[in-house]
Amino acid sequence: MPKIIDHDQRRSDIIDATWELIVKGGIEAATMREIASAAGFANGALKHYFRSKEDIIEATYERALAMMNEYVSIEGRRGLDALRAMCEAAMPIDEDRILAGRILLTFWHTSLCNPKLHDKYLEHLRAWRGTLHRLIGEGRADGDIVTALPDEQLVDEIVLLNAGANVMSLVGPDFSTLELQRRHLESFFERLTRP
């Protein structure tokens, strides 16, 4: 009887191995040989699950984006409450989020010369910005957000605040402590509730 192989699990194992290699040494460390070795495969066996290294990298990138999306889930919430929860959840406030941010930072750099990854990030960014616009609109409709600042400016500030905190937590953690991140967020949300 032939051995039953769980292809989805094997793909997940390959992504896990790639994730670990990238965390330890960046994208350069994730060679096909190293990925195969870390995942417990023969070098050529990876082709049964992914067509190329680029496909493995893309799948790992998608996992990082999915993790960030899970953290910022706002199901059952709306307006200002949901906006606050989403912003706080996107901050590098624990080891898992810092790791996800590290992976994303690596991919942001790689996406500068990889149009496919760049397009994927832009798709994520557009969806994120769309959600922020919706929540701000709900907050205004509910009477909780009263600032005269335009919605587009508020969305820009949130994106820059969250992305900047993730980058600084990695490259300059002394300048982006959790306390400082919370103060910046609190200052931002105070401005939303003032005319």
Side-chain angles (χ1 to χ4, degrees), residues 1-76 85-132 134 158-159 162-173 176:
M1 179 173 209
K3 183 177 178 183
I4 297 173
I5 296 173
D6 184 341
H7 288 278
D8 289 338
Q9 183 59 52
R10 292 277 176 99
R11 287 173 60 85
S12 183
D13 292 343
I14 292 166
I15 293 168
D16 288 344
T18 305
W19 180 283
E20 290 299 320
L21 288 167
I22 292 171
V23 166
K24 290 177 186 168
I27 292 248
E28 301 80 21
T31 65
M32 289 295 270
R33 184 178 308 281
E34 290 299 322
I35 293 168
S37 174
F41 290 90
N43 195 24
L46 296 180
K47 299 266 187 208
H48 296 295
Y49 306 99
F50 292 95
R51 288 184 316 241
S52 65
K53 176 184 171 182
E54 288 72 29
D55 286 347
I56 298 172
I57 297 298
E58 184 180 331
T60 309
Y61 184 44
E62 287 171 355
R63 178 179 287 176
L65 290 175
M67 281 179 68
M68 292 308 284
N69 286 336
E70 282 179 30
Y71 291 137
V72 299
S73 173
I74 51 169
E75 191 173 330
M86 188 175 189
C87 289
E88 288 174 354
M91 299 300 271
I93 57 176
D94 57 35
E95 196 57 41
D96 285 343
R97 282 170 237 239
I98 291 169
L99 267 181
R102 182 179 181 134
I103 293 289
L104 284 174
L105 183 60
T106 301
F107 284 117
W108 290 338
H109 179 262
T110 304
S111 74
L112 296 176
C113 57
N114 182 322
K116 199 170 181 184
L117 287 182
H118 187 255
D119 288 346
K120 280 202 172 298
Y121 185 70
L122 287 180
E123 179 183 317
H124 166 76
L125 185 56
R126 285 186 193 101
W128 181 20
R129 293 178 64 88
T131 301
L132 294 173
R134 177 177 59 80
I158 292 168
V159 170
N162 280 148
N166 276 283
V167 171
M168 290 306 296
S169 74
L170 297 167
V171 299
S176 184

> What pairs of residues pass the side-chain hydrogen bond (donor to acceptor under 3.5 Å, both in side chains) test when at least one of them lies in residues 14-25, not counting sequence neighbours?
Replying inline: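 The answer is Asp16-Arg63.
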What residues form a salt bridge (Lys or Arg N to Asp or Glu O under 4.0 Å) with [X], not counting sequence neighbours?
{"X": "Glu62", "value": "Lys120"}
{"X": "Arg126", "value": "none"}
{"X": "Arg134", "value": "Glu138"}

Can you give me the closest heavy-atom contact between [X] and [Y], atom names plus distance?
{"X": "Ala30", "Y": "Ile35", "value": "O-CD1, 3.6 Å"}
{"X": "Ile22", "Y": "Thr106", "value": "CG2-CG2, 3.8 Å"}
{"X": "Ala17", "Y": "Ala38", "value": "CB-CB, 3.8 Å"}
{"X": "Pro92", "Y": "Ala165", "value": "CG-O, 3.5 Å"}

[X] [atom1] to [Y] [atom2] distance, which is reported to the nearest 0.5 Å:
{"X": "Ile93", "Y": "Asn166", "atom1": "CD1", "atom2": "CG", "answer": "10.5 Å"}
{"X": "Ile98", "Y": "Leu105", "atom1": "CD1", "atom2": "CG", "answer": "13.0 Å"}
{"X": "Asp119", "Y": "Glu58", "atom1": "CG", "atom2": "CD", "answer": "10.0 Å"}

> Under the side chain to side chain contact (heavy atoms under 4.5 Å, CB included) test, which residues partner Met86, sequence neighbours left out?
Replying inline: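 Residues passing side chain to side chain contact (heavy atoms under 4.5 Å, CB included) with Met86: Val72, Ile74, Trp128, Thr131, Leu132, Leu135.
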> Can you name the residues that form a side chain to side chain donor-acceptor pair (under 3.5 Å) with Arg33, not counting sequence neighbours?
Replying inline: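 Arg33: no side chain to side chain donor-acceptor pair (under 3.5 Å) contacts found.
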So do [Y] and [X] actually touch side chain to side chain, heavy atoms under 4.5 Å?
{"X": "Ile56", "Y": "Met32", "result": "yes"}
{"X": "Phe41", "Y": "Arg10", "result": "yes"}
{"X": "Tyr61", "Y": "Thr110", "result": "no"}
{"X": "Ile57", "Y": "Phe107", "result": "yes"}

> Taking the six-membered ring where the residue is Trp, are the ring centres of Tyr121 and His118 under 6.0 Å apart?
Replying inline: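 So the answer is no for these two rings.
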>> Run Tyr49 and Ile15 through side chain to side chain contact (heavy atoms under 4.5 Å, CB included) and show every step you take.
In response: CA-CA 11 Å; Tyr49 306 99; Ile15 293 168; over 6 Å; no
> Does the distance from a Lys or Arg side-chain N to an Asp or Glu carboxylate O, for Lys116 and Glu54, drop under 4.0 Å?
Replying inline: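 No, no charged N to carboxylate O under 4.0 Å.
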> Stepwise, does the side chain to side chain contact (heavy atoms under 4.5 Å, CB included) test hold for Asn162 with Ile158?
Replying inline: CA-CA 6 Å; Asn162 280 148; Ile158 292 168; 3.7 Å; yes
> Is there a side chain to side chain contact (heavy atoms under 4.5 Å, CB included) between Gln9 and Asp13 once you walk through the steps?
Replying inline: CA-CA 6 Å; Gln9 183 59 52; Asp13 292 343; 2.7 Å; yes
